[in-house]
Amino acid sequence: MLWVEKYKPKTLKEVEGQDKAVSEVKQFVENYKKGKAALLYGKTGTGKTCSIYALAKELNFEILELNASDFRDKESMNLIVGQSSKQMSLFNKKKLILLDEVDALSGQKDRGCVQALVKIISESEFPMILIADDPYEKKISPLRKNCKMIEFVNLEHSFVFNVLRKICEFENIKYDETILKDLARRSGGDVRASINDLQIICATKKVLESLEELGEREKKESIINALKLIFKSKNPENVLNAFEKTDLDLNECLLWLDENLPREYQGKDLYNAYDCVSKSDVFNGRIRRWQHWRFLVYINTLLTAGVALSKNEKNNELITYKPTSRILKIWKAKMRNTRKISIAEKIAENTHTSTKRVLKDTLPYLKLIFKHKKGQDIIDELKLDDEEVEWLISH
């Protein structure tokens, strides 16, 4: 079980470092008046969502959680959110409507998502809680006029340290306090990230004595986050820049997509996604042949927005993304060919012919000579090193 779920706050008192925000949310819910929603904002991992669940448990409310990125137009917004704002709870309990990622709503006026949500807020029978990382996105500015703004501040590392220390005690993890504080600092106030880091380090041993194990994970984290964004979102505006934060070129990103698409998509969705990937590869070929680098924008759009829009519904299962095995195979093939090319170039220089001709005509005979251990003069003449000689003997 993930520790972020196992140790998420059960009560509002357990929410670290957000006393003011938590108090304001509780007041809003307890004194709810039709016509206004609460808009919670702040960095990822500061406790916005878990605070709402803790509050609902304390007040015995039922929560209906929805994600704004799932709504493409005003019809879908009215059908799901609008209906939910008027219908009683299934168990006749009080109800909270939680709408996450409202800054991912389409800002286009003809889609009407934001305008529809403003109207729903004005008529809702139940408290509505909206969550955003950036509430000052221009496209959702109409929402701010109809919301009570509640900020969840960036947590100081001391609060993050308190959470990590409690988990270590519950899990019987031996820890160096200095290293645990370093782990808390490096999270930048993101409690969720620091808990995940702690679980990764202590997955196989109940001791925290170094943070070195996080180094390799952080190299991969940017591409993993990009894949999650593409696979789980249906909003093209959100995913177009997904690969910009990675340190990989688009060819490597394509290989990551190719490896993980079958884990995420099925049936027609998978067919549509691979159609986008194959078309991006066509543009890649045109760049190689004609050096038309302006085609890069088409490759990026197909690999991000194209793949994201290939699905009808997002897969809600937790998928573990894996690095492509093709990169390792390509690297091994290059390593095998490096010595062959090196030998061919030395022969070409001495025989005044092309490397291509040597690979085709000369090298097969040379391998035969070395197989019978009669190549010492050739070694001296070409100045072959031990690895090149080994390659000739073994191949």
Looking only at non-hydrogen atoms, find the nearest pair between [X] and [Y] and report the distance.
{"X": "V153", "Y": "G17", "value": "CG2-O, 4.1 Å"}
{"X": "P236", "Y": "A305", "value": "CB-CB, 3.9 Å"}
{"X": "P142", "Y": "N146", "value": "O-ND2, 3.0 Å"}
{"X": "Y265", "Y": "A308", "value": "OH-CA, 4.0 Å"}
{"X": "K311", "Y": "F231", "value": "CE-O, 2.9 Å"}
{"X": "L198", "Y": "C168", "value": "CD2-SG, 4.0 Å"}

Determine, using the 4.5 Å side-chain heavy-atom cutoff (strictly less than), whether [X] and [Y] are members of one ILVMFWY cluster.
{"X": "I223", "Y": "I299", "result": "yes"}
{"X": "F61", "Y": "M128", "result": "no"}
{"X": "I150", "Y": "L99", "result": "no"}
{"X": "V191", "Y": "I179", "result": "yes"}
{"X": "L2", "Y": "F170", "result": "yes"}

Quick check on [X]: does its [atom1] atom have over 12 non-hydrogen neighbours (other residues, nucleotides or ligands) under 6.0 Å away?
{"X": "K206", "atom1": "NZ", "answer": "yes"}
{"X": "E313", "atom1": "CD", "answer": "no"}
{"X": "K119", "atom1": "NZ", "answer": "no"}
{"X": "K279", "atom1": "NZ", "answer": "no"}
{"X": "E156", "atom1": "CD", "answer": "no"}

Is the shortest side-chain heavy-atom distance between [X] and [Y] below 4.5 Å?
{"X": "L130", "Y": "C147", "result": "yes"}
{"X": "E169", "Y": "I167", "result": "no"}
{"X": "D176", "Y": "E209", "result": "no"}
{"X": "H292", "Y": "F283", "result": "no"}
{"X": "L254", "Y": "L250", "result": "no"}
{"X": "C276", "Y": "S310", "result": "yes"}
{"X": "I121", "Y": "L143", "result": "yes"}
{"X": "V358", "Y": "T353", "result": "yes"}

Please answer whether the main-chain N or O of [Y] pairs with a side-chain N or O of [X] as donor and acceptor at a distance below 3.5 Å.
{"X": "D275", "Y": "Y271", "value": "no"}
{"X": "T46", "Y": "G42", "value": "no"}
{"X": "N241", "Y": "E244", "value": "no"}
{"X": "E264", "Y": "N260", "value": "no"}
{"X": "S124", "Y": "I120", "value": "no"}

Take E171 and K6 through the salt bridge (charged side-chain N to carboxylate O under 4.0 Å, His left out) test and state the conclusion after the steps. CA-CA 11 Å; E171 295 290 331; K6 185 176 180 181; 2.8 Å; yes
[X] with [Y]: basic N within carboxylate O range, under 4.0 Å:
{"X": "K166", "Y": "E16", "value": "yes"}
{"X": "K10", "Y": "E14", "value": "no"}
{"X": "E151", "Y": "K20", "value": "no"}
{"X": "E5", "Y": "K8", "value": "yes"}
{"X": "K34", "Y": "E125", "value": "yes"}

Distance only, no hydrogens: is a donor on one side chain within 3.5 Å (strictly under) of an acceptor on the other, for [X] and [Y]?
{"X": "D380", "Y": "Q376", "answer": "yes"}
{"X": "Y7", "Y": "Q199", "answer": "no"}
{"X": "Y321", "Y": "E259", "answer": "no"}
{"X": "E65", "Y": "Y53", "answer": "yes"}

*asked:* Check the orientation of Y298 and F295. Use parallel for under 30°, tilted for 30 to 60°, and perpendicular for over 60°.
replied: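 Y298 and F295: tilted rings.
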Find the distance between [atom1] ([X]) and [atom2] ([Y]) and round it off to the nearest 0.5 Å.
{"X": "I230", "Y": "L261", "atom1": "CD1", "atom2": "CG", "answer": "9.5 Å"}
{"X": "Q18", "Y": "L40", "atom1": "CD", "atom2": "CG", "answer": "9.5 Å"}
{"X": "R185", "Y": "S194", "atom1": "CZ", "atom2": "OG", "answer": "13.0 Å"}
{"X": "H157", "Y": "L180", "atom1": "NE2", "atom2": "CG", "answer": "10.5 Å"}
{"X": "L39", "Y": "K48", "atom1": "CG", "atom2": "NZ", "answer": "10.5 Å"}
{"X": "S23", "Y": "L12", "atom1": "OG", "atom2": "CG", "answer": "9.5 Å"}

| field | Evaluation steps, side-chain contact (heavy atoms from CB on, under 4.5 Å), between L359 and R357 | value | CA-CA 5 Å; L359 288 169; R357 175 66 66 181; over 6 Å; no
Derivation and outcome, side-chain contact (heavy atoms from CB on, under 4.5 Å), residues L96 and L64 | CA-CA 6 Å; L96 265 176; L64 173 64; over 6 Å; no
>> Pair V207, I173 - check side-chain contact (heavy atoms from CB on, under 4.5 Å), show working.
In response: CA-CA 5 Å; V207 60; I173 294 170; 5.6 Å; no
Evaluate side-chain contact (heavy atoms from CB on, under 4.5 Å) for N196 paired with V4, printing each intermediate quantity in order.
-> CA-CA 7 Å; N196 285 334; V4 289; 3.5 Å; yes
Worksheet item: For F152, is the NZ or CZ atom of K43 found under 6.0 angstrom from the centre of its six-membered ring and inside 45 degrees of the ring axis?
Response: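 No, K43 does not sit over the ring of F152.
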Quiz item: Do K148's NZ or CZ and the ring of F28 fall within the cation-pi criteria of under 6.0 Å and 45°?
Solution: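 No, cation not above the ring by the 6.0 Å, 45° rule.
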